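Everything numeric in this text was worked out from a predicted model, so none of it was measured.
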Amino acid sequence: PEWLKKRRLEAWDTLEGLPQTPFLKYGLGILTPLAGMELKELEQEGTVQITAPPEVKVTRKPLDSRIFSSLEKDRLSLMHASFCTTFLQLEIPKGTVLEQPILIQKKIRGKHFLEHLFISAGRDCSFSVLEVLEGEGELHSGGVEIFLGEGSSLLFGSTQNLSPRARSFSARKAFLEKDSRLEWVTADTGSKTLLSTIHSFLGGPGAAVYNKMLFFGNNDQHFDFNVS
């Protein structure tokens, strides 16, 4: 759609104007190395498979215009918006209650894979989503945007077990309305370099967010987690 094309071009123009840097820095001197990542030579290939409970109807709808509407202006976010080619959208109607999770399996099959997941739920929903990421690629960039309606609850689980040579950058955002609840549960074991950010915004009284993170590292793995 034209609005998405405009946002992607704006992200690219902003990215081109940023100075080159060998690392990403924020907070109290926290560094995530970026050396060796050439943004202009991405060879993207990956697959996404969705397994949903029987009561979930799978349909194709136009992308939600809120995608990238709150885009950060750092190098990795701008790169993701500029080059992402795989978009997945889940729209949960109001009052939906799912006993079984929606399973999303993502696999890198080439050197690079940039993908974006958008979840929108109406009011008084209750459901869970499990995301599984694996593969032998060199670069992964994953974005998640969640909008929860009033009184809704979501358990979002994610596991990552990429190749020990992969760089993985994951940026997740959630916007919660009154009396909604979100639980983030992540488990990371793979990749050489991992930057994982989770930002949750409470938009009304009674809204609540819970974060649980598990990781296992060895050798020269670099894990960087940022939660707010």
Side-chain angles (χ1 to χ4, degrees), residues 1 3-5 7-9 11-12 15 24 32 34 37-52 58-72 74-92 101-120 128-147 154 156-163 165-174 184-199 224 226:
W3 60 264
L4 181 58
K5 178 181 178 181
R7 286 179 188 167
R8 289 161 66 91
L9 289 174
W12 170 249
L15 178 64
L24 177 70
T32 295
L34 302 178
M37 186 174 66
E38 176 52 63
L39 302 182
K40 297 182 180 180
E41 299 180 359
L42 295 177
E43 302 174 14
Q44 298 196 54
E45 185 179 357
T47 59
V48 177
Q49 180 178 342
I50 304 176
T51 304
V58 179
T59 60
R60 290 184 177 270
K61 289 187 175 183
L63 290 176
D64 194 295
S65 60
R66 289 173 290 182
I67 292 175
F68 295 153
S69 60
S70 60
L71 185 66
E72 303 291 340
D74 62 88
R75 177 173 295 277
L76 294 178
S77 297
L78 294 169
M79 177 199 74
H80 178 80
S82 300
F83 292 99
C84 181
T85 58
T86 300
F87 291 87
L88 178 63
Q89 179 171 296
L90 298 180
E91 183 178 329
I92 310 299
I102 299 173
L103 174 63
I104 303 174
Q105 295 171 287
K106 303 175 180 180
K107 189 175 183 65
I108 304 179
R109 298 191 178 277
K111 285 187 177 181
H112 314 113
F113 188 34
L114 282 72
E115 44 84 15
H116 197 83
L117 170 62
F118 181 89
I119 300 175
S120 174
S128 58
V129 174
L130 175 59
E131 175 188 70
V132 178
L133 174 65
E134 57 185 9
E136 296 297 323
E138 298 177 2
L139 171 66
H140 166 258
S141 177
V144 177
E145 290 179 285
I146 298 174
F147 289 80
L154 167 62
F156 185 93
S158 177
T159 65
Q160 177 270 128
N161 187 24
L162 292 174
S163 156
R165 70 175 185 275
R167 293 180 173 88
S168 181
F169 304 108
S170 174
R172 303 180 176 103
K173 279 186 177 181
W184 299 101
V185 181
T186 62
D188 294 284
T189 58
S191 73
K192 178 180 178 63
T193 300
L194 168 68
L195 172 59
S196 173
T197 63
I198 297 177
H199 299 314
D224 188 349
N226 183 7

Please give me the minimum heavy-atom distance between [X] and [Y], naming the atom from each residue.
X    : Y    : result
A81  : L71  : CB-CD2, 3.7 Å
H80  : L114 : CA-CD2, 4.2 Å
F169 : L76  : CD2-CD1, 3.4 Å
G142 : H140 : N-CE1, 3.5 Å
S65  : R7   : O-NH1, 2.5 Å
Q89  : P62  : NE2-O, 3.3 Å

E138/K192 ion pair, N-O < 4.0 Å
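K192 and E138: not salt-bridged.
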
Any salt bridge between K106 and E115, counting N to O under 4.0 Å?
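The answer is yes: the pair qualifies as a salt bridge.
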
Between I50 and L103, is a side chain to side chain contact (heavy atoms under 4.5 Å, CB included) present by the stated rule, with each step listed?
CA-CA 6 Å; I50 304 176; L103 174 63; over 6 Å; no

If the plane angle is over 60° it's perpendicular, under 30° parallel, otherwise tilted; pick one for F68 and F87.
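If you compare the ring of F68 with that of F87, the planes turn out perpendicular.
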
Can you say whether the rings of W184 and F156 are parallel (under 30°), tilted (30 to 60°) or perpendicular (over 60°)?
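Rings of W184 and F156: perpendicular, over 60°.
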
Would you please say whether a donor-acceptor pair under 3.5 Å links the side chains of E134 and N161?
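No donor-acceptor contact under 3.5 Å links the two side chains.
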
Does the side chain of R66 pick up a donor-acceptor pair with the side chain of S120 at under 3.5 Å?
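The criterion, which ignores hydrogens and geometry beyond distance, is satisfied for S120 and R66.
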
Could you tell me the separation between the [atom1] atom of [X] and the [atom2] atom of [Y], rounded to the nearest 0.5 Å?
X    : Y    : atom1 : atom2 : answer
L117 : T86  : CG    : OG1   : 12.0 Å
E72  : L78  : CD    : CG    : 9.5 Å
T51  : L130 : OG1   : CG    : 10.0 Å
T186 : L133 : OG1   : CG    : 12.5 Å
L90  : I146 : CG    : CD1   : 9.5 Å
R167 : T193 : CZ    : OG1   : 5.5 Å

List the steps and the verdict of side chain to side chain contact (heavy atoms under 4.5 Å, CB included) for L4 and L63.
CA-CA 9 Å; L4 181 58; L63 290 176; 3.8 Å; yes

Verify side chain to side chain contact (heavy atoms under 4.5 Å, CB included) between E131 and V144, making sure each step is shown before the conclusion.
CA-CA 11 Å; E131 175 188 70; V144 177; 4.2 Å; yes

Does the ring center of F83 lie less than 6.0 Å from the ring center of H112?
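F83 vs H112: aromatic centres not under 6.0 Å.
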
Could you go through the side-chain hydrogen bond (donor to acceptor under 3.5 Å, both in side chains) check for R172 and S158 one step at a time?
CA-CA 11 Å; R172 303 180 176 103; S158 177; 3.0 Å; yes

Answer yes or no: are there more than 12 heavy-atom neighbours, outside K173 itself, under 6.0 Å from its atom NZ?
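Above 12, so yes.
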
Between I67 and E145, is the side chain to side chain contact (heavy atoms under 4.5 Å, CB included) condition met? List the steps.
CA-CA 7 Å; I67 292 175; E145 290 179 285; 3.9 Å; yes

Decide salt bridge (charged side-chain N to carboxylate O under 4.0 Å, His left out) for K107 and E136; before the verdict, give the C-alpha distance in whole Å, the side-chain angles of both, and the deciding distance to 0.1 Å.
CA-CA 8 Å; K107 189 175 183 65; E136 296 297 323; over 6 Å; no

